[in-house]
Engineer: 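Before anything else, here's the structure in question.
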4 protein chains.
Amino acid sequence: MAEIGVGMLGYAFMGKAHSNAYRTIEYLTWPPPLVPKLVGIAGRNEQAVDEAATRYGYEYATTDWRDLVADERIGLFDNGGPNSLHAEPTIAAAEAGKHVLCEKPLGRTATESYDVWQRVAATGVKHLCGFNYRFVPGVRLARELIEEGRLGEIRHFRARYLQDWGDDPTLDTWRFHPDEAGSGALGDLGTHVIDLARYLVGELASVSGLVKTFVEGRQVDDALEAAVEFESGAVGTIEATRLALGRRNAFQWEINGSEGSLYFDMERMNELQVFRADGDDRVRGFRSVLVTESKHPFMEHWWPPGHIVGWGDTFIHEAYHLLKAIAEDGDVEPHGATFEDGYRASEIAEAIVRSSAVGRRETLSFRTL
Amino acid sequence: MAEIGVGMLGYAFMGKAHSNAYRTIEYLTWPPPLVPKLVGIAGRNEQAVDEAATRYGYEYATTDWRDLVADERIGLFDNGGPNSLHAEPTIAAAEAGKHVLCEKPLGRTATESYDVWQRVAATGVKHLCGFNYRFVPGVRLARELIEEGRLGEIRHFRARYLQDWGDDPTLDTWRFHPDEAGSGALGDLGTHVIDLARYLVGELASVSGLVKTFVEGRQVDDALEAAVEFESGAVGTIEATRLALGRRNAFQWEINGSEGSLYFDMERMNELQVFRADGDDRVRGFRSVLVTESKHPFMEHWWPPGHIVGWGDTFIHEAYHLLKAIAEDGDVEPHGATFEDGYRASEIAEAIVRSSAVGRRETLSFRTL
Amino acid sequence: MAEIGVGMLGYAFMGKAHSNAYRTIEYLTWPPPLVPKLVGIAGRNEQAVDEAATRYGYEYATTDWRDLVADERIGLFDNGGPNSLHAEPTIAAAEAGKHVLCEKPLGRTATESYDVWQRVAATGVKHLCGFNYRFVPGVRLARELIEEGRLGEIRHFRARYLQDWGDDPTLDTWRFHPDEAGSGALGDLGTHVIDLARYLVGELASVSGLVKTFVEGRQVDDALEAAVEFESGAVGTIEATRLALGRRNAFQWEINGSEGSLYFDMERMNELQVFRADGDDRVRGFRSVLVTESKHPFMEHWWPPGHIVGWGDTFIHEAYHLLKAIAEDGDVEPHGATFEDGYRASEIAEAIVRSSAVGRRETLSFRTL
Amino acid sequence: MAEIGVGMLGYAFMGKAHSNAYRTIEYLTWPPPLVPKLVGIAGRNEQAVDEAATRYGYEYATTDWRDLVADERIGLFDNGGPNSLHAEPTIAAAEAGKHVLCEKPLGRTATESYDVWQRVAATGVKHLCGFNYRFVPGVRLARELIEEGRLGEIRHFRARYLQDWGDDPTLDTWRFHPDEAGSGALGDLGTHVIDLARYLVGELASVSGLVKTFVEGRQVDDALEAAVEFESGAVGTIEATRLALGRRNAFQWEINGSEGSLYFDMERMNELQVFRADGDDRVRGFRSVLVTESKHPFMEHWWPPGHIVGWGDTFIHEAYHLLKAIAEDGDVEPHGATFEDGYRASEIAEAIVRSSAVGRRETLSFRTL
C-alpha cells in the first residue's frame, strides 16, 4: 500500500487527536487510501515534544517546525499549533510541496487567513482547514438530507456553541492572548458555527453582531451574538460563548425548511433530530435518529448499528477524507473545508466584530484569488 | 365571599381560556380572593357570541362591547379580542372605572400601546397585560431563583418562540391582516419573548434585528431574529417564527449566569432545567426539575407532586393574581405584566422592526407617563 | 340541556379532581352529553366536608353517605373515598338505581372487587372504575394505533409506575393501613399498570411476582416486580414502587410490536414516543409526538396544537365518557374501565401476591357473572 | 517499555474492537502498563483471517488457534471467537501459561463456564471475561457513587437490554445456532445485564423468569423477562430482547436507593442521570451528568470535558485494566469481570431458563473452586 509521511506541528490537544487519526486510519478505514507514516513532530517545549514523539511513534521530535518543512519524507504537513503558528509554517510547508491540514481558525485575522489561502492555493497542494464537525456522521447526514431536498427551502438556521470553561478568572492559556489566538470565543467556537452555517445552508449575506468580554482583565472576547441573513434569504442566529455554565461542548443547531427541520447537539453527537412534514399528523414529531446505521456517513468504518462513535473519531473521518483526496487527486470540497472556507469564516468573524463596534449590520463580501 | 362581575370581550381561543379561569378560580384557589361572576360577553358574530354566553354561563351576550362598559355590575373588563379591538374598549372600560385585563400585544403599535397605558393608568384601575407565561410555575420559579441570586450575575439570555402553523399559504385569519393584528410573529410570539426577557433578566438596552416574511402574499412578518443587549450588560438573542416545522409551541429559553444556568421549553412546561456550579464536578449537570412540588409557585392550588398542570391553567394563575391585587388593592407588578410592560414590549418590538429596516442597532428609550 | 345530579363520596385528592371535572365539563366538552349538578358530598370529617361543599358548590354536605344513596335527585354516585369505603356505598348506590363511578382499586381484595362488580352489574346501571390513565390523550392514541395494526403483533409490554413519596417512615395515611387500603403500592399504583396492560395489549395469562416492604414497620407493600405473559403470547414486566427516589409520578411503559414500538412517561404525559419500521433506515428513530393535534383523542375539547393539558384534565375526559354512556345508553367499555375491569385488576394483583408468597408462576383465571 | 505479545482468536466484530484497543493503548493510556505486540490472529476463514492480519498488523494469520497457544511470544490470549470456541482454546492458552481475555458469555452453559473458570483459575494466569460495559465511564462512576454510599441502601435495580436486529426471519448467523451460541438474547444480552446487576448492586438471590422465542423456526431465545431479588434484599427486573423495534443498543438501567437514584442508557453512554435527595426540594430532579470530566473514570486518557468517547473505547479501558493487572501482578477484580464472574452470569442465566421451564422461582447457588 502507498504511504505518506506526516509531519505534525503541535503535541497537545490537537496533536493527540490528529496523531490518533493517523495511527488508526490504516486499519479502521479499510483499505486505507494511503498509509500515514509518522515522520516528525514539532513543538516549542523540547521535553514535551520529545515525549510526544515517543508516545505517538514519530521518528523524531524537533523544536523547529522548519525541520519538518525541510524533510522530504514528509508529504503531509499537519498544523495543530496555536493560532499564531498557523500562517507561516503552513505556507512554508505548502511552498515546499507538502499537502497541508491546518487547524481552525486558519489565521488570526481575515487578512492573515486570506494570505494563507492565497499563498497555499498558488502551490497546487491539497489544503484542508480543520473544521472537524463537518465529519460528524449526523452533520454529514444533515447535509445529505438537505442536498436531496428533504427539508425543502431553508428558512432558518439558529446555532449556538456553548462551553463554560472560560468562567475561571485565574486561568491562563494562549487562547486568552490576542497575539497568539487572534480572538476568543469568536475564533475558537464562533468559526465552527460559521463554517457549519455555510456548509449546511450556504453563504452568509449579512451579520448584525455583539461581541462581549465579561471576565475582568480578559483580553479576548468571551461571547458573541449575531442575527444573520443568508444569500438564499434564510435568517437566523449565530452564538458562541465560553460562559454558559453547565454546557461543556454544546454546539447546538436547528434548521427549519419548508418540508422539515433538523436539530443537533454535539453533546449527543451520535443523534440527529429529524422532522418531516409527511402528512401523518397523528404521529408528527421529531425523530431521534441514532446516526449509526450502516447506510449512515462514515459508518462503514465502524461497528454494528447502535454502537456510537466518539468525538475524537471525527478526526479519523477528516484525515481519511484528506488522504483520499491526495491519493486520488480529488477535491477536498465540498465535504472538507478548504482554506478558502477557512478564509471566509475569518472574514465573517471579523464582520461580526465590526458590526458590534459600529452598531450596523455588515454586508459580507469576500476576496477571491 | 366578595364577588366581582366580569365582562368578557372575545369568545374564541382567549375567550375560552379566560372564561375557564373565571369559572374554576372560585374553588381551585381556595379561598378565592374574589368570586368572579360572569355577567356579559361581547363579540362580533351574534350567533357565536350567543352560544358562548350559553356555554360559559354569561348572563347575556352582545355584539356591542359598549354594553359591557355601560354595565355597572361589571367590575373587571377582560379584553381577549383581536388586537385592533384592544385599545378603544380597554380605555373605555377603565374610564368607566372597571379594572382591565387586556391580551397581548397591548396595541398594534408602540404609540397605540402607550396611549392605552397612559389613558388607563390615569384612571387608577388595576391593569394587567395578558403575558400569561409569567404564570407558568417554572417561569415563576426561574424568577425566584434569579432574585435570590442563585444564578449570580446574568450574562446570557437566549430565547426563541417557535411555531409552525404559519406554513400554510391558504390560511386566512385576522392574525395575517396588518390592520387587525399590527404585526405577525412579532406581536404574537415575539412580544412574549420580549416580556419574559424583561421579567427574568431586566430591561433591554439595544436590539439588532431582522424581520422577515417568507410566505408569498403574506402581509405580516413570519419571523424575526435579534441580537440584544440588556441594561445590565447581559447579551443574547430573541427569535420568533411561525415557520419552524415540527415545533408547535416551543417557547425555549436559556439563561446563563455566573453561578448557574436555566433552560426551559414550553412544550414541556412543567419542567425547568437547573444547573448550579456547586463544586461537585463528578455529578455536575442540569437537573430536570418537575415544577410540581408543594413549595413551587402556584402549586398550592393543585395536586400532589408529579401531577402536571396544563397550558390553560396559566390563565387561572394569572386571573388569581389580578383578582388578589383588586381585592387587596395591591400591586399587579412585579409578577403580573402591567400596561407599562405591555407598552414597553411594543416599543421594543418596533425597535426590532426599525433596526431591520435601517440596518442599525437600535438603542431603546421608553416614554414615561 | 338534560342534567344529572351528582353525589360525591370523598372530598380530598380525588374529591377535588372529580368535582373539577363535573364543574368544567358543561362548557369544555361542548355540547355536554349531560350537565352535572352537584347535589351532595359525603365525608367522615364534618368540618372538612362542609368546607368542600361550599368550595365545590354542592348543595349539601353529610357525614353519612347513605344520605346520598337516599337522595332521588342524584343520578350518578361518584366514589372517591378510601378503598375500605368502595364496596358498600357503591353497591348501595347502584341498587338504588344510580349510575356509579368508583375509584381504583375497586375493592381491597379480589373477592370484594368481584362482589362489587357482581352486585352492581345485576342492577343494570352504568359502572366505571376510575382508571383515569385510559383517558390520557397519548394512551388513547396508543390504543388507536395498536387497534389499527400499526404496531403489528405485540411482543413486549414493559411498564413501571414509580413514585417516591413512600420514603418517609414517619408518614401516616390510610394508604398505609391494610384494613383501609387493602394493599400498598400494589393496589395504588400496580393496578394502574395492570389495567393499562390489559387495555393496550390484552388479557394477562400468568404472572411471576415479588412483593416487598422496605420501610420498617410499614404494614403494606412498598413495591412489586413481576414477569408477565399475555394470552397473546407477548411477555414483559409490571413494576410499581413508592420508593424510586426522584420519580414523582413516572408511570413509564414501552410496547414493542412486529411493526413498531411505543414509549410513554406520565411525567411527560402529553408526549408519545412512536417508532415505525417504515424502511427509511436513514431517518429511523422514535418520533416524539406531542399529542395535542386536533385529530388526537380528546383534543376537540381543548386548545390549538402544542398547548398541553394537565393531569387533572384526564378526569374531565373520563367523566365525559361516562356521562355520554349514560346519556346515550351506550357502553362504558372498551375505552372506559368497567367494574369487570376493576375486578380483573384485583384478581391479577392478588395473583402477584400469591406468586410472591409461594414462589410459583400463577396462571390467571377469572370469575364470570 | 515492557511489551506483551498478543494472540487473537476472531477477526470480525470483536476482533476489530479488541485489535483497535491493543493498537491504541500504547499512546492513549500514557504511559501504558505494557505495550501490546500483535503477534498472531486465528480464524476459521483463511482469506478473511489473512486480511485481518494485514489490516490490524498481526505478524501472522492462522486457521488453527493451537498455533497461538504454542507461540511462546504470546503472553496474552484474547478470545473473541464464537461462543462454541470459548472453552477449549481459552483453557489451552491458560494451561500454556498465557493470560486470557475471553468474550462473554464465558461458556455456552453454566457447566462449560464453570469448567473454564476452574481450569483457568488452577493455572494462576490473569483472566478477564469481556463484560466491557463495566468499562463505560458512566458505569464505573455509578459503581463509585454506590460504593461511597451516595445512594444509601439499594432497593431497586431494573434493567433491560433492548436491540431489534433479531426481527428478520431470513437472517442467519452463528448467534442463532444453539450449538455455537448456547442461547440467544440470553447469552448475548442477558448476561451483560446480569453482570452489571452483580457489579453495581451485588449478588442475586433468586430469579423468576420467562424465556421466549417469537420468530418462527428460530432455535434460540429472542427475549427474556425476569423478576429478581438480590442477596441484599433489593428487588427488580432483568430483561433482554432482540425484538424491541427502534432500540438499537439500548441497555437501560435504573437503580433506586434510600439516598438517591441513577439512570443510564447505553445509546447515550456518555451520560449518567443522577438523583440525590439533598433536601433542596425546589430544585430536586435528576442531573444529566456528562461523564467526561477530568475527575471521571478513564477520562485521564481522553479529551477535555464535554468531548465524548465512543462505544469502541470501552475496550481500550478494558484492555488497559487487564494489562495493568498483568504488569503489576494485581487483581482483575473488582472492576474487571473475572472468569468467576463469567461463570456466575452463566449460572444465573440458566436459572432463568429453568425458572421459565418449570414455573418456579429459582434460588441461586454457585459452585466454588
Side-chain angles (χ1 to χ4, degrees), chain A residues 151-153 155-156 158 160 162 164 167 206-212 214-215 222-229 233-239 241 243-248 252 254-263 273-277 284-287 352 355-356 358-363, chain B residues 151-153 155-156 158 160 162 164 167 206-212 214-215 222-229 233-239 241 243-248 252 254-263 273-277 284-287 352 355-356 358-363:
Chain A
L151 261 64
E153 173 200 358
R155 290 159 173 167
H156 294 301
R158 56 183 77 85
R160 44 202 169 272
L162 312 177
D164 65 358
D167 184 49
S206 71
V207 294
S208 299
L210 275 170
V211 177
K212 187 95 183 180
F214 288 97
V215 177
D222 287 321
L224 64 112
E225 313 285 343
V228 305
E229 186 161 20
V235 296
T237 48
I238 286 176
E239 304 176 83
T241 182
L243 296 178
L245 268 63
R247 306 296 182 193
R248 281 313 216 178
Q252 307 167 334
E254 175 161 333
I255 298 176
N256 307 122
S258 58
E259 305 283 336
S261 294
L262 302 174
Y263 177 76
Q273 307 287 329
V274 180
F275 178 82
R276 292 263 306 152
R284 87 196 301 271
F286 277 79
R287 297 173 185 216
I352 291 173
S355 170
S356 180
V358 304
R360 293 184 60 95
R361 185 183 307 146
E362 290 288 306
T363 300
Chain B
L151 262 63
E153 173 200 357
R155 290 157 172 169
H156 294 301
R158 56 184 76 86
R160 45 203 169 271
L162 312 177
D164 66 358
D167 184 49
S206 70
V207 295
S208 299
L210 275 171
V211 178
K212 187 93 182 182
F214 288 95
V215 177
D222 287 321
L224 62 113
E225 312 286 342
V228 305
E229 185 161 20
V235 296
T237 48
I238 287 177
E239 303 176 83
T241 181
L243 296 178
L245 266 64
R247 305 297 181 192
R248 281 313 217 177
Q252 307 167 334
E254 176 161 332
I255 296 176
N256 307 122
S258 59
E259 305 282 336
S261 294
L262 302 174
Y263 178 76
Q273 308 287 330
V274 180
F275 177 82
R276 293 260 309 150
R284 85 196 303 271
F286 277 79
R287 296 174 184 215
I352 291 173
S355 170
S356 180
V358 303
R360 292 184 60 96
R361 185 182 307 146
E362 290 287 307
T363 301

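Excluded from the calculations below are hydrogen atoms, water molecules and symmetry mates; all remaining heavy atoms, backbone and side chain alike, are included. So that the names make sense, note that chain A is the first sequence line, chain B the second, and so on, each numbered from 1.
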Engineer: Measure the CD-CZ distance between B/Glu254 and A/Arg247 for me, rounded to the nearest 0.5 Å.
Structural biologist: 4.0 Å
Engineer: State, to 0.1 Å, how close A/Arg155 and B/Phe214 come at their nearest heavy-atom pair, and which atoms those are.
Structural biologist: O-CZ, 3.4 Å
Engineer: When heavy-atom pairs shorter than 4.5 Å are enumerated against chain B, which of A/Gly257, A/Ser261, A/Ala234 gives the highest number?
Structural biologist: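 Highest number of heavy-atom pairs under 4.5 Å: A/Ser261.
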Engineer: Given the options B/Asp164, B/Leu151, B/Val358, which has more heavy-atom pairs under 4.5 Å with chain A than any of the others?
Structural biologist: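 Option with the top pair count is B/Asp164.
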Engineer: Check whether B/Arg248 reaches the backbone of A/Gly285 with its side chain - one donor and one acceptor, N or O, closer than 3.5 Å.
Structural biologist: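 It does not hold such a pair.
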Engineer: Pick whichever of A/Ser258, A/Ser208, A/Ser356 has the most heavy-atom pairs under 4.5 Å with chain B.
Structural biologist: A/Ser356
Engineer: Between B/Leu224, B/Leu243, B/Leu245, B/Leu162, which residue shows the highest count of heavy-atom pairs closer than 4.5 Å to chain A?
Structural biologist: B/Leu245
Engineer: So what's closer than 4.5 Å to chain A heavy atoms on B/Ser355: side chain, backbone, both or neither?
Structural biologist: backbone
Engineer: Any sub-3.5 Å donor-acceptor pair from B/Lys212's side-chain atoms to A/Gly233's backbone N or O?
Structural biologist: yes
Engineer: Measuring heavy-atom distances to chain B, does A/Ala244 have an atom under 4.5 Å in its side chain, in its backbone, in both, or in neither?
Structural biologist: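 Both the backbone and the side chain of A/Ala244 come within 4.5 Å of chain B.
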Engineer: Check A/Leu210 against B/Val228 and note the closest heavy-atom contact, atom names and distance.
Structural biologist: CD1-O, 3.3 Å
Engineer: Kindly compute the distance separating OG1 (B/Thr237) from CZ (A/Arg158), expressed to the nearest 0.5 Å.
Structural biologist: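 It is 9.5 Å, given to the nearest 0.5 Å.
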Engineer: For the residue pair A/Ala223 and B/His156, what are the closest heavy atoms and their distance?
Structural biologist: CB-CE1, 3.4 Å
Engineer: Within a strict 4.5 Å, meaning less than it, do heavy atoms of the B/Glu229 and A/Glu225 side chains meet?
Structural biologist: no
Engineer: Tell me, for B/Arg284 versus chain A, whether the close heavy atoms (under 4.5 Å) come from the side chain, the backbone, both or neither.
Structural biologist: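 For B/Arg284, side-chain heavy atoms alone lie under 4.5 Å from chain A.
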Engineer: For chain B, find which of A/Ile255, A/Asp222, A/Asn256 contributes the most heavy-atom pairs closer than 4.5 angstrom.
Structural biologist: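 With the most close heavy-atom pairs to chain B, the winner is A/Asn256.
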